[in-house]
Amino acid sequence: MQRLGILLSGRGSNFMAIAEAIREGRLPGTEIAVVLSNLPDAAGLETARKLGLPAIAIPSAGRKRAEHDAEMIATLRAHRVDLVCLAGYMRIISPEFVRAFSNRILNIHPALLPAFPGLDAQAQALEFGAKVAGCTVHFVDEAVDHGAIILQRVVPVLDQDTAETLSARILDQEHIAYTEAIARVLSGQYSLVGRRYVRRGKE
Ligand code: GAR
């Protein structure tokens, strides 16, 4: 079994999409080992508990990043996690955390990176006047929203869009993208060539 550790700070719809994919057999040989949040009242933690999954809050408020991350790393190791999935985890992780799970941490970002990194990516795209938007699943490196891109999915930006309608259109694609990216990474059928994620066995 390949064991996922999910990190979230909010409602957890990406987490739910991953859990649903596992339940439906779309990620064979994969299970969620633990769901962690830096915010004790994150709705995603409650959802995880309802699904019978280990769900643990490790509050970050008022704590040094290194100290908090050390506890996160220890908890992930205690649950024998193979792949860490940041799913709306709204906290920058330390270089020590990145090195502890080298090329074993994925993130999903609601923009076509390298455009619109950081917060409120969907509103940034709308205000900039972009005509396409989307989401990116990437490996996490020591810079924010920066590591090698595994896959992206694109949506149109419509004239009548608000940040909410655009976010909802992107979110639908996020739920497809994350499961697909996890399957690809867990298959091991890829190489990293510099920044480039290259699938093996594909023309
Ligand atoms: C998602 O849109 C995700 O892409 C975004 O937070 C949302 C979490 O939603 N992440 C970031 O902006 C990270 N920079 P969810 O809790 O329903 O999965």
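Counting convention: from 1, in listed order, for ligands and their atoms alike. Sequence positions, counted from 1, serve as the residue numbers for this chain.
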Exercise. Quick one: do the Thr30 and Gln2 side chains pair a donor with an acceptor below 3.5 Å?
Worked result: no

For this session: Begin with the C-alpha distance, continue with both residues' side-chain angles, and end with the deciding distance and a verdict on salt bridge (Lys or Arg N to Asp or Glu O under 4.0 Å) for Glu174 and Arg153.
Result: CA-CA 8 Å; Glu174 292 186 42; Arg153 293 181 70 90; over 6 Å; no

For this session: Give the residue and atom name of whichever protein heavy atom lies nearest to atom 16 (O) of ligand 1, and the separation in Å to one decimal.
Result: Gly12 N, 2.8 Å

Exercise. Judged by non-hydrogen atoms, does Met16 sit under 4.0 Å from ligand 1?
Worked result: no

Problem set entry | Shortest protein heavy-atom distance from atom 11 (C) of ligand 1, along with the residue and atom involved | Pro110 CD, 3.6 Å

For this session: Could you check atom 7 (C) of ligand 1 against the protein and tell me its nearest heavy-atom contact, residue, atom and distance included?
Result: Arg11 NH2, 4.2 Å

For this session: Around atom 4 (O) of ligand 1, find the nearest protein heavy atom and jot down its residue, atom name and distance.
Result: Glu174 OE1, 2.7 Å

Exercise. Hey, does His138 have a side-chain heavy atom less than 4.5 Å from the side chain of Leu106?
Worked result: no

Exercise. For Ser13, is at least one N or O under 3.5 Å away from an N or O on ligand 1?
Worked result: yes

For this session: Identify which of Ala42, Gly88, Cys135 has a heavy atom lying nearest to atom 6 (O) of ligand 1.
Result: Gly88

For this session: Could you tell me the residue and atom name of the protein heavy atom closest to atom 14 (N) of ligand 1, and the distance to it rounded to 0.1 Å?
Result: His109 ND1, 3.2 Å

Exercise. For ligand 1, is Ile108 a contact, meaning one of its heavy atoms is under 4.0 Å away?
Worked result: yes

For this session: Report the C-alpha distance between Leu76 and Phe101 in whole Å, list the side-chain angles of each, state the deciding distance to 0.1 Å, and finish with yes or no for side-chain contact (heavy atoms from CB on, under 4.5 Å).
Result: CA-CA 10 Å; Leu76 291 166; Phe101 290 89; 3.7 Å; yes

For this session: List every atom of ligand 1 that sits less than 4.0 Å from any heavy atom of Met90, numbering the atoms from 1 in the order shown and giving each element.
Result: 11 (C), 12 (O), 13 (C)

Exercise. Which value, rounded to the nearest 0.5 Å, describes the distance between Leu126 atom CG and Thr162 atom OG1?
Worked result: 7.5 Å

Problem set entry | Residue pair Asn14 / Ala87: nearest heavy atoms and the distance that separates them | CB-CB, 4.0 Å

For this session: Start with the C-alpha distance between Ile56 and Val35, add both sets of side-chain angles, then the distance that settles side-chain contact (heavy atoms from CB on, under 4.5 Å), and finish with yes or no.
Result: CA-CA 6 Å; Ile56 302 172; Val35 178; over 6 Å; no

